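The shown structure was predicted, so the numbers you read here are calculated from the model rather than taken from an experiment. Residue numbers start from 1 in every chain, and the chains themselves are labelled A, B, ... in the order their sequence lines are given, proteins ahead of strands.
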Number of protein chains: 2
Amino acid sequence: MAERIEGLRLPRTQRRQQILTAAAQAFAETGFHGTSLADVATRVGVSQPGLLHHFPSKQALILAVLEERDAEDARYLDEVFQQADPSVVDWLVVLCAKNAQRPELVQLYTVAAAESLDPAHPAHEFFQRRYQRIRQVLAARIELDQQKGLIDPVHVPEDLASELVALMDGLQLQWLMRPPVDMCGLLRRRLARLSAAAGVAAGVAAGHGGDRSDD
Amino acid sequence: MAERIEGLRLPRTQRRQQILTAAAQAFAETGFHGTSLADVATRVGVSQPGLLHHFPSKQALILAVLEERDAEDARYLDEVFQQADPSVVDWLVVLCAKNAQRPELVQLYTVAAAESLDPAHPAHEFFQRRYQRIRQVLAARIELDQQKGLIDPVHVPEDLASELVALMDGLQLQWLMRPPVDMCGLLRRRLARLSAAAGVAAGVAAGHGGDRSDD
DNA sequence: GTCTATAAATCGATAGAC
DNA sequence: GTCTATCGATTTATAGAC
(Lines give C-alpha, C1' and ligand atoms only; values in the text may rest on other atoms or scores of the structure.)
Protein backbone atom coordinates (compact mmCIF):
# COMPACT_ATOMS: atom_id res chain seq x y z
CA MET A 1 0.00 0.00 0.00
CA ALA A 2 0.89 3.67 -0.22
CA GLU A 3 2.44 4.98 -3.44
CA ARG A 4 5.87 6.43 -3.07
CA ILE A 5 5.83 10.11 -2.22
CA GLU A 6 9.35 11.35 -1.75
CA GLY A 7 10.16 13.03 1.49
CA LEU A 8 6.63 12.75 2.86
CA ARG A 9 6.83 13.27 6.57
CA LEU A 10 4.79 10.89 8.70
CA PRO A 11 4.17 10.72 12.47
CA ARG A 12 6.70 8.60 14.25
CA THR A 13 4.44 5.73 15.36
CA GLN A 14 2.66 5.50 12.03
CA ARG A 15 5.90 5.22 10.09
CA ARG A 16 7.20 2.69 12.54
CA GLN A 17 4.11 0.57 11.98
CA GLN A 18 4.56 0.76 8.22
CA ILE A 19 8.14 -0.35 8.56
CA LEU A 20 7.29 -3.21 10.90
CA THR A 21 4.67 -4.50 8.49
CA ALA A 22 6.97 -4.31 5.48
CA ALA A 23 9.84 -5.84 7.40
CA ALA A 24 7.68 -8.73 8.56
CA GLN A 25 6.82 -9.54 4.96
CA ALA A 26 10.39 -9.27 3.77
CA PHE A 27 11.89 -11.34 6.59
CA ALA A 28 9.17 -13.96 6.07
CA GLU A 29 10.04 -14.33 2.40
CA THR A 30 13.81 -14.26 2.44
CA GLY A 31 14.84 -14.61 6.06
CA PHE A 32 17.16 -12.35 8.02
CA HIS A 33 20.29 -12.68 5.90
CA GLY A 34 18.39 -12.73 2.64
CA THR A 35 16.65 -9.45 3.37
CA SER A 36 18.37 -6.11 2.89
CA LEU A 37 17.39 -2.88 4.55
CA ALA A 38 16.97 -1.45 1.08
CA ASP A 39 14.34 -4.14 0.38
CA VAL A 40 12.31 -3.07 3.36
CA ALA A 41 12.83 0.62 2.71
CA THR A 42 11.56 0.28 -0.86
CA ARG A 43 8.42 -1.52 0.29
CA VAL A 44 7.66 1.30 2.72
CA GLY A 45 8.51 3.98 0.22
CA VAL A 46 11.35 5.49 2.15
CA SER A 47 15.09 5.71 1.71
CA GLN A 48 17.33 3.20 3.41
CA PRO A 49 18.87 5.74 5.81
CA GLY A 50 15.33 6.97 6.44
CA LEU A 51 14.50 3.49 7.65
CA LEU A 52 17.52 3.41 9.94
CA HIS A 53 16.29 6.59 11.56
CA HIS A 54 13.44 4.57 13.11
CA PHE A 55 15.37 1.40 13.89
CA PRO A 56 19.05 1.74 14.62
CA SER A 57 20.13 -1.51 12.95
CA LYS A 58 18.91 -4.50 11.01
CA GLN A 59 19.19 -6.59 14.16
CA ALA A 60 17.00 -4.16 16.11
CA LEU A 61 14.49 -4.24 13.28
CA ILE A 62 13.89 -7.97 13.22
CA LEU A 63 13.71 -8.12 17.00
CA ALA A 64 11.13 -5.34 17.00
CA VAL A 65 9.13 -7.21 14.36
CA LEU A 66 9.10 -10.45 16.33
CA GLU A 67 8.25 -8.83 19.64
CA GLU A 68 5.54 -6.68 18.14
CA ARG A 69 3.88 -9.70 16.56
CA ASP A 70 4.03 -11.66 19.78
CA ALA A 71 2.38 -8.81 21.65
CA GLU A 72 -0.29 -8.57 18.97
CA ASP A 73 -1.01 -12.27 19.30
CA ALA A 74 -1.30 -12.04 23.05
CA ARG A 75 -3.78 -9.18 22.70
CA TYR A 76 -5.87 -11.16 20.23
CA LEU A 77 -6.06 -14.27 22.39
CA ASP A 78 -6.87 -12.23 25.49
CA GLU A 79 -9.70 -10.64 23.58
CA VAL A 80 -11.19 -13.91 22.33
CA PHE A 81 -11.03 -15.60 25.72
CA GLN A 82 -11.91 -12.58 27.81
CA GLN A 83 -13.42 -14.07 30.91
CA ALA A 84 -13.04 -17.87 30.95
CA ASP A 85 -9.77 -19.66 30.69
CA PRO A 86 -10.16 -21.97 27.71
CA SER A 87 -9.27 -25.63 27.47
CA VAL A 88 -6.05 -26.53 25.70
CA VAL A 89 -8.04 -27.84 22.76
CA ASP A 90 -10.08 -24.66 22.39
CA TRP A 91 -7.00 -22.53 22.81
CA LEU A 92 -4.99 -24.31 20.14
CA VAL A 93 -7.88 -24.57 17.71
CA VAL A 94 -8.53 -20.84 17.92
CA LEU A 95 -4.85 -20.09 17.50
CA CYS A 96 -4.61 -22.37 14.48
CA ALA A 97 -7.69 -20.86 12.88
CA LYS A 98 -6.20 -17.41 13.35
CA ASN A 99 -2.90 -18.53 11.87
CA ALA A 100 -4.67 -19.99 8.87
CA GLN A 101 -5.69 -16.45 8.00
CA ARG A 102 -2.16 -15.04 7.94
CA PRO A 103 0.33 -17.29 6.14
CA GLU A 104 2.93 -14.50 6.01
CA LEU A 105 3.12 -14.34 9.77
CA VAL A 106 3.30 -18.11 10.10
CA GLN A 107 6.12 -18.13 7.57
CA LEU A 108 7.95 -15.38 9.42
CA TYR A 109 8.05 -17.48 12.57
CA THR A 110 8.80 -20.72 10.76
CA VAL A 111 11.77 -19.19 8.97
CA ALA A 112 13.03 -17.11 11.88
CA ALA A 113 12.82 -19.99 14.36
CA ALA A 114 14.92 -22.20 12.10
CA GLU A 115 17.43 -19.46 11.33
CA SER A 116 17.69 -18.61 15.02
CA LEU A 117 19.32 -21.97 15.74
CA ASP A 118 22.55 -20.22 14.84
CA PRO A 119 23.91 -18.77 18.11
CA ALA A 120 25.01 -15.71 16.16
CA HIS A 121 21.49 -15.00 14.90
CA PRO A 122 19.96 -11.84 16.40
CA ALA A 123 16.85 -13.75 17.52
CA HIS A 124 18.71 -16.73 18.98
CA GLU A 125 17.94 -15.99 22.61
CA PHE A 126 14.51 -14.66 21.70
CA PHE A 127 13.39 -18.02 20.32
CA GLN A 128 14.99 -20.08 23.03
CA ARG A 129 13.07 -18.11 25.63
CA ARG A 130 9.92 -18.18 23.49
CA TYR A 131 9.85 -21.95 23.20
CA GLN A 132 10.49 -22.42 26.88
CA ARG A 133 7.68 -20.02 27.69
CA ILE A 134 5.20 -21.58 25.27
CA ARG A 135 5.87 -25.08 26.58
CA GLN A 136 5.48 -23.91 30.18
CA VAL A 137 2.19 -22.15 29.53
CA LEU A 138 0.86 -25.09 27.55
CA ALA A 139 1.96 -27.63 30.15
CA ALA A 140 0.20 -25.67 32.88
CA ARG A 141 -3.02 -25.61 30.87
CA ILE A 142 -2.73 -29.31 30.16
CA GLU A 143 -2.44 -30.01 33.86
CA LEU A 144 -5.58 -27.98 34.53
CA ASP A 145 -7.44 -29.84 31.80
CA GLN A 146 -6.35 -33.12 33.29
CA GLN A 147 -7.83 -32.11 36.65
CA LYS A 148 -11.07 -31.31 34.84
CA GLY A 149 -11.06 -34.73 33.18
CA LEU A 150 -10.59 -33.24 29.71
CA ILE A 151 -7.23 -34.84 29.00
CA ASP A 152 -6.02 -38.32 29.87
CA PRO A 153 -3.88 -38.10 33.04
CA VAL A 154 -1.35 -40.61 31.68
CA HIS A 155 0.28 -37.79 29.77
CA VAL A 156 3.18 -35.95 31.28
CA PRO A 157 2.12 -32.33 30.77
CA GLU A 158 5.56 -31.14 29.70
CA ASP A 159 5.89 -33.98 27.20
CA LEU A 160 2.48 -33.43 25.69
CA ALA A 161 3.22 -29.72 25.47
CA SER A 162 6.41 -30.37 23.53
CA GLU A 163 4.59 -32.78 21.27
CA LEU A 164 1.75 -30.40 20.49
CA VAL A 165 4.09 -27.50 19.82
CA ALA A 166 6.11 -29.74 17.54
CA LEU A 167 3.02 -30.90 15.73
CA MET A 168 1.83 -27.36 15.15
CA ASP A 169 5.23 -26.21 13.92
CA GLY A 170 5.54 -29.14 11.56
CA LEU A 171 2.02 -28.76 10.23
CA GLN A 172 2.63 -25.07 9.63
CA LEU A 173 5.67 -25.90 7.51
CA GLN A 174 3.72 -28.37 5.37
CA TRP A 175 0.76 -26.02 5.20
CA LEU A 176 3.02 -23.33 3.75
CA MET A 177 4.21 -25.70 1.01
CA ARG A 178 2.49 -26.82 -2.12
CA PRO A 179 0.36 -28.77 -2.05
CA PRO A 180 -0.61 -27.54 1.41
CA VAL A 181 -1.78 -29.96 4.09
CA ASP A 182 -4.98 -29.34 6.01
CA MET A 183 -3.22 -27.80 8.98
CA CYS A 184 -6.22 -27.04 11.18
CA GLY A 185 -8.07 -30.20 10.22
CA LEU A 186 -5.16 -32.42 11.13
CA LEU A 187 -4.55 -30.56 14.38
CA ARG A 188 -8.22 -30.73 15.28
CA ARG A 189 -8.40 -34.46 14.69
CA ARG A 190 -5.35 -35.02 16.81
CA LEU A 191 -6.74 -32.87 19.61
CA ALA A 192 -10.16 -34.51 19.41
CA ARG A 193 -8.59 -37.80 20.43
CA LEU A 194 -7.05 -36.23 23.50
CA SER A 195 -10.41 -35.08 24.83
CA ALA A 196 -12.52 -37.96 23.52
CA ALA A 197 -10.30 -40.45 25.28
CA ALA A 198 -10.42 -38.59 28.57
CA GLY A 199 -14.16 -38.12 28.18
CA VAL A 200 -14.66 -41.85 27.81
CA ALA A 201 -12.32 -42.61 30.67
CA ALA A 202 -13.90 -40.03 32.96
CA GLY A 203 -17.51 -40.66 31.96
CA VAL A 204 -17.49 -44.44 32.05
CA ALA A 205 -15.09 -44.59 34.98
CA ALA A 206 -12.34 -47.18 35.10
CA GLY A 207 -12.70 -50.92 34.40
CA HIS A 208 -14.19 -51.06 30.95
CA GLY A 209 -13.30 -48.96 27.98
CA GLY A 210 -15.06 -47.73 24.88
CA ASP A 211 -15.04 -49.42 21.51
CA ARG A 212 -12.63 -46.94 19.95
CA SER A 213 -9.15 -48.29 20.27
CA ASP A 214 -6.85 -45.28 20.26
CA ASP A 215 -5.64 -42.74 17.77
CA MET B 1 40.07 -31.34 9.43
CA ALA B 2 43.10 -30.75 7.22
CA GLU B 3 45.37 -27.80 7.92
CA ARG B 4 45.59 -25.30 5.11
CA ILE B 5 48.26 -26.20 2.57
CA GLU B 6 48.25 -23.68 -0.21
CA GLY B 7 47.82 -24.98 -3.70
CA LEU B 8 47.74 -28.63 -2.67
CA ARG B 9 46.25 -30.55 -5.53
CA LEU B 10 43.67 -33.18 -4.62
CA PRO B 11 41.75 -35.75 -6.71
CA ARG B 12 38.49 -34.40 -8.04
CA THR B 13 36.09 -36.60 -6.06
CA GLN B 14 37.99 -36.22 -2.81
CA ARG B 15 38.01 -32.44 -3.01
CA ARG B 16 34.35 -32.46 -3.92
CA GLN B 17 33.58 -34.48 -0.81
CA GLN B 18 35.54 -32.07 1.35
CA ILE B 19 33.62 -29.17 -0.10
CA LEU B 20 30.26 -30.87 0.35
CA THR B 21 31.03 -31.57 4.00
CA ALA B 22 32.17 -28.03 4.72
CA ALA B 23 29.26 -26.55 2.81
CA ALA B 24 26.77 -28.68 4.74
CA GLN B 25 28.13 -27.33 8.01
CA ALA B 26 28.10 -23.74 6.82
CA PHE B 27 24.62 -23.86 5.34
CA ALA B 28 23.33 -25.55 8.50
CA GLU B 29 24.70 -22.77 10.67
CA THR B 30 23.85 -19.67 8.70
CA GLY B 31 21.50 -20.78 5.94
CA PHE B 32 21.84 -20.17 2.24
CA HIS B 33 21.91 -16.38 2.23
CA GLY B 34 23.97 -16.16 5.40
CA THR B 35 26.72 -18.34 4.01
CA SER B 36 29.33 -16.98 1.63
CA LEU B 37 31.41 -19.03 -0.75
CA ALA B 38 34.44 -17.63 1.00
CA ASP B 39 33.16 -19.14 4.28
CA VAL B 40 33.03 -22.56 2.72
CA ALA B 41 36.30 -22.16 0.88
CA THR B 42 38.11 -21.20 4.08
CA ARG B 43 36.76 -24.25 5.89
CA VAL B 44 38.05 -26.50 3.12
CA GLY B 45 41.37 -24.70 2.90
CA VAL B 46 40.97 -23.57 -0.66
CA SER B 47 40.48 -20.24 -2.38
CA GLN B 48 37.01 -19.07 -3.29
CA PRO B 49 37.56 -19.37 -7.05
CA GLY B 50 39.09 -22.77 -6.34
CA LEU B 51 35.79 -23.80 -4.83
CA LEU B 52 33.86 -22.54 -7.83
CA HIS B 53 35.97 -24.77 -10.03
CA HIS B 54 34.18 -27.78 -8.50
CA PHE B 55 30.70 -26.29 -8.26
CA PRO B 56 29.76 -23.69 -10.84
CA SER B 57 27.65 -21.55 -8.49
CA LYS B 58 26.42 -21.17 -4.94
CA GLN B 59 23.03 -22.46 -6.01
CA ALA B 60 24.56 -25.59 -7.53
CA LEU B 61 26.53 -26.11 -4.33
CA ILE B 62 23.59 -26.18 -1.94
CA LEU B 63 21.59 -28.41 -4.27
CA ALA B 64 24.50 -30.81 -4.47
CA VAL B 65 24.76 -30.83 -0.67
CA LEU B 66 21.08 -31.61 -0.18
CA GLU B 67 20.95 -34.31 -2.85
CA GLU B 68 24.11 -35.94 -1.65
CA ARG B 69 22.82 -36.14 1.92
CA ASP B 70 19.51 -37.58 0.77
CA ALA B 71 21.29 -40.27 -1.20
CA GLU B 72 23.49 -41.04 1.80
CA ASP B 73 20.41 -41.43 3.98
CA ALA B 74 18.76 -43.75 1.51
CA ARG B 75 21.90 -45.91 1.44
CA TYR B 76 21.99 -46.09 5.22
CA LEU B 77 18.36 -47.10 5.60
CA ASP B 78 18.67 -49.69 2.83
CA GLU B 79 21.63 -51.15 4.65
CA VAL B 80 19.92 -51.35 8.04
CA PHE B 81 16.76 -52.94 6.65
CA GLN B 82 18.42 -55.12 4.05
CA GLN B 83 15.95 -57.95 3.58
CA ALA B 84 12.70 -57.25 5.43
CA ASP B 85 10.57 -54.20 4.94
CA PRO B 86 10.26 -52.66 8.39
CA SER B 87 7.14 -51.41 10.10
CA VAL B 88 6.52 -47.69 10.15
CA VAL B 89 7.40 -47.59 13.81
CA ASP B 90 10.70 -49.39 13.35
CA TRP B 91 11.53 -47.31 10.34
CA LEU B 92 10.94 -43.98 12.07
CA VAL B 93 12.63 -45.03 15.29
CA VAL B 94 15.77 -46.05 13.44
CA LEU B 95 15.74 -42.85 11.43
CA CYS B 96 15.32 -40.76 14.57
CA ALA B 97 18.12 -42.58 16.36
CA LYS B 98 20.39 -41.96 13.39
CA ASN B 99 19.45 -38.28 13.31
CA ALA B 100 20.17 -37.95 17.00
CA GLN B 101 23.79 -38.70 16.14
CA ARG B 102 24.16 -35.87 13.62
CA PRO B 103 22.64 -32.60 14.78
CA GLU B 104 24.42 -30.65 12.03
CA LEU B 105 22.58 -32.57 9.33
CA VAL B 106 19.24 -32.21 11.11
CA GLN B 107 19.85 -28.50 11.37
CA LEU B 108 20.77 -28.27 7.70
CA TYR B 109 17.41 -29.71 6.70
CA THR B 110 15.46 -27.75 9.29
CA VAL B 111 16.95 -24.46 8.14
CA ALA B 112 16.90 -25.24 4.43
CA ALA B 113 13.30 -26.47 4.47
CA ALA B 114 12.10 -23.27 6.12
CA GLU B 115 14.19 -21.05 3.84
CA SER B 116 12.96 -22.95 0.80
CA LEU B 117 9.43 -21.64 1.34
CA ASP B 118 10.58 -18.65 -0.66
CA PRO B 119 9.80 -19.47 -4.32
CA ALA B 120 13.08 -17.80 -5.28
CA HIS B 121 15.14 -20.09 -3.04
CA PRO B 122 17.35 -22.50 -4.99
CA ALA B 123 15.93 -25.50 -3.11
CA HIS B 124 12.29 -24.46 -3.37
CA GLU B 125 11.22 -27.18 -5.81
CA PHE B 126 13.58 -29.66 -4.18
CA PHE B 127 11.78 -29.48 -0.85
CA GLN B 128 8.29 -29.43 -2.33
CA ARG B 129 9.08 -32.65 -4.16
CA ARG B 130 10.84 -34.07 -1.12
CA TYR B 131 7.88 -33.61 1.22
CA GLN B 132 5.47 -35.05 -1.31
CA ARG B 133 7.70 -38.07 -1.75
CA ILE B 134 8.22 -38.62 1.99
CA ARG B 135 4.51 -38.44 2.70
CA GLN B 136 3.74 -40.86 -0.13
CA VAL B 137 6.31 -43.41 1.00
CA LEU B 138 5.18 -43.12 4.60
CA ALA B 139 1.49 -43.39 3.72
CA ALA B 140 2.15 -46.55 1.73
CA ARG B 141 3.98 -48.09 4.68
CA ILE B 142 1.19 -47.10 7.03
CA GLU B 143 -1.34 -48.82 4.79
CA LEU B 144 0.73 -52.00 4.83
CA ASP B 145 1.01 -51.86 8.62
CA GLN B 146 -2.72 -51.43 8.87
CA GLN B 147 -3.23 -54.60 6.85
CA LYS B 148 -0.90 -56.37 9.24
CA GLY B 149 -2.89 -55.08 12.22
CA LEU B 150 -0.01 -52.97 13.47
CA ILE B 151 -1.76 -49.63 13.11
CA ASP B 152 -5.37 -48.74 13.82
CA PRO B 153 -7.29 -48.72 10.50
CA VAL B 154 -9.28 -45.64 11.48
CA HIS B 155 -6.35 -43.51 10.38
CA VAL B 156 -6.27 -42.13 6.89
CA PRO B 157 -2.75 -43.11 5.80
CA GLU B 158 -2.03 -39.78 4.10
CA ASP B 159 -3.19 -37.85 7.16
CA LEU B 160 -1.18 -39.90 9.60
CA ALA B 161 1.84 -39.56 7.32
CA SER B 162 1.54 -35.77 7.36
CA GLU B 163 1.11 -35.79 11.10
CA LEU B 164 4.14 -37.96 11.75
CA VAL B 165 6.34 -35.95 9.41
CA ALA B 166 5.16 -32.78 11.14
CA LEU B 167 5.84 -34.25 14.54
CA MET B 168 9.36 -35.27 13.59
CA ASP B 169 10.15 -31.90 12.05
CA GLY B 170 8.84 -30.05 15.06
CA LEU B 171 10.64 -32.27 17.52
CA GLN B 172 13.87 -31.80 15.59
CA LEU B 173 13.56 -28.04 15.91
CA GLN B 174 13.04 -28.23 19.68
CA TRP B 175 15.77 -30.82 20.00
CA LEU B 176 18.21 -28.43 18.34
CA MET B 177 17.37 -25.72 20.84
CA ARG B 178 18.41 -25.32 24.41
CA PRO B 179 17.25 -26.91 26.53
CA PRO B 180 16.75 -29.74 24.04
CA VAL B 181 13.66 -31.91 24.17
CA ASP B 182 13.94 -35.70 24.20
CA MET B 183 13.31 -36.02 20.48
CA CYS B 184 13.52 -39.79 20.13
CA GLY B 185 11.83 -40.48 23.44
CA LEU B 186 8.83 -38.34 22.58
CA LEU B 187 8.59 -39.81 19.10
CA ARG B 188 8.84 -43.33 20.45
CA ARG B 189 6.09 -42.78 22.98
CA ARG B 190 3.83 -41.35 20.33
CA LEU B 191 4.53 -44.26 18.00
CA ALA B 192 4.07 -46.81 20.77
CA ARG B 193 0.46 -45.73 21.11
CA LEU B 194 -0.14 -46.31 17.44
CA SER B 195 0.93 -49.93 17.65
CA ALA B 196 -0.32 -50.67 21.16
CA ALA B 197 -3.79 -49.52 20.24
CA ALA B 198 -3.91 -51.64 17.11
CA GLY B 199 -2.44 -54.55 19.04
CA VAL B 200 -5.22 -54.31 21.58
CA ALA B 201 -7.85 -53.87 18.90
CA ALA B 202 -6.53 -56.76 16.83
CA GLY B 203 -5.76 -59.09 19.72
CA VAL B 204 -9.01 -58.64 21.64
CA ALA B 205 -11.12 -58.35 18.49
CA ALA B 206 -13.95 -55.85 18.18
CA GLY B 207 -16.69 -55.17 20.71
CA HIS B 208 -14.77 -54.54 23.90
CA GLY B 209 -11.68 -52.49 24.35
CA GLY B 210 -8.78 -52.49 26.73
CA ASP B 211 -8.45 -50.42 29.86
CA ARG B 212 -6.08 -47.90 28.35
CA SER B 213 -8.05 -44.95 27.12
CA ASP B 214 -6.08 -43.43 24.28
CA ASP B 215 -2.87 -41.54 23.87
C1' DG C 1 11.60 12.91 9.78
C1' DT C 2 13.70 12.36 5.50
C1' DC C 3 17.00 12.95 2.15
C1' DT C 4 21.70 12.58 -0.77
C1' DA C 5 26.24 11.18 -0.58
C1' DT C 6 29.44 8.13 0.75
C1' DA C 7 32.37 5.16 3.49
C1' DA C 8 34.07 0.55 4.07
C1' DA C 9 33.39 -4.01 3.68
C1' DT C 10 31.76 -8.13 1.34
C1' DC C 11 29.36 -10.49 -2.09
C1' DG C 12 29.19 -13.99 -6.37
C1' DA C 13 31.44 -14.75 -10.35
C1' DT C 14 35.04 -14.28 -14.26
C1' DA C 15 39.79 -14.00 -16.53
C1' DG C 16 43.90 -15.81 -17.00
C1' DA C 17 48.51 -17.53 -15.17
C1' DC C 18 50.74 -21.72 -13.43
C1' DG D 1 43.22 -28.30 -9.92
C1' DT D 2 44.41 -24.16 -7.82
C1' DC D 3 45.83 -19.65 -7.62
C1' DT D 4 45.91 -14.15 -7.81
C1' DA D 5 43.65 -10.33 -9.44
C1' DT D 6 39.72 -8.04 -10.30
C1' DC D 7 35.06 -6.56 -11.88
C1' DG D 8 30.66 -4.91 -10.65
C1' DA D 9 27.05 -5.07 -7.71
C1' DT D 10 25.32 -4.93 -3.06
C1' DT D 11 25.69 -4.64 1.86
C1' DT D 12 25.14 -2.03 6.61
C1' DA D 13 25.88 2.05 8.56
C1' DT D 14 27.32 7.05 9.09
C1' DA D 15 27.67 12.24 8.01
C1' DG D 16 25.47 16.07 7.24
C1' DA D 17 22.04 19.04 4.60
C1' DC D 18 17.13 20.37 4.62
Legend entry - Residue A:Pro49, side-chain atoms from C-beta onward, closest of D:dC3, D:dT14, C:dG12: D:dT14

Legend entry - Gap between atom CD1 of B:Ile142 and atom CH2 of B:Trp91 - 0.5 Å precision: 10.0 Å

Legend entry - Side-chain N or O of B:Ser36 closer than 4.0 Å to phosphate OP1/OP2 of C:dC11: yes

Legend entry - Nearest listed nucleotide, side chain of A:Leu37, among C:dA13, C:dT2, D:dA13: D:dA13

Legend entry - Length of the NE2-C1' vector between B:His33 and C:dC11, whole Å: 13 Å

Inset, instruction - Would you kindly give the CG-to-C1' distance between A:Leu51 and D:dT12, to the nearest whole Å? - result: 12 Å

Inset, instruction - Would you name the heavy atoms of A:Gln146 and A:Pro157 that are closest together and state the gap between them? - result: OE1-CG, 3.6 Å

Legend entry - Crowding at CZ, B:Arg178 (>12 non-hydrogen neighbours, <6.0 Å): no

Inset, instruction - Could you work out which one of C:dG1, C:dT2, D:dT12 sits closest to the side chain of A:His54? - result: C:dT2

Legend entry - Interatomic distance, B:Gln48 CD vs C:dA13 P [rounded to whole Å]: 8 Å

Legend entry - Short side-chain to backbone donor-acceptor contact, B:Thr35 and B:Ala26, under 3.5 Å: yes

Inset, instruction - In whole angstrom, give the distance that lies between atom NE2 of A:His53 and atom C1' of D:dA15. - result: 15 Å

Inset, instruction - Output yes when at least one side-chain N/O atom of B:Ser47 is less than 4.0 Å from OP1 or OP2 of D:dT2, else no. - result: no

Inset, instruction - Mind calculating the distance between CZ (A:Phe55) and C1' (D:dT12) to the nearest angstrom? - result: 16 Å

Inset, instruction - Please tell me which of the listed nucleotides, C:dT2, D:dT4, D:dG1, lies nearest to the side chain of A:Arg15? - result: C:dT2

Legend entry - Nearest-neighbour nucleotide for the B:Ser57 side chain, C:dA13, C:dC11, C:dG1 considered: C:dA13

Legend entry - Protein-nucleotide distance (A:Gln14, atom CD; C:dT2, atom C1'), rounded to Å: 15 Å

Inset, instruction - Rounded off to whole Å, could you give me the CD1-to-C1' distance for the B:Ile19 and D:dG1 pair? - result: 10 Å

Inset, instruction - Please report, rounded to the nearest Å, how far the P atom of D:dT14 is from the CG atom of A:Leu52. - result: 8 Å

Legend entry - Pairing of A:Lys98 and A:Glu79 as salt bridge, 4.0 angstrom limit: no

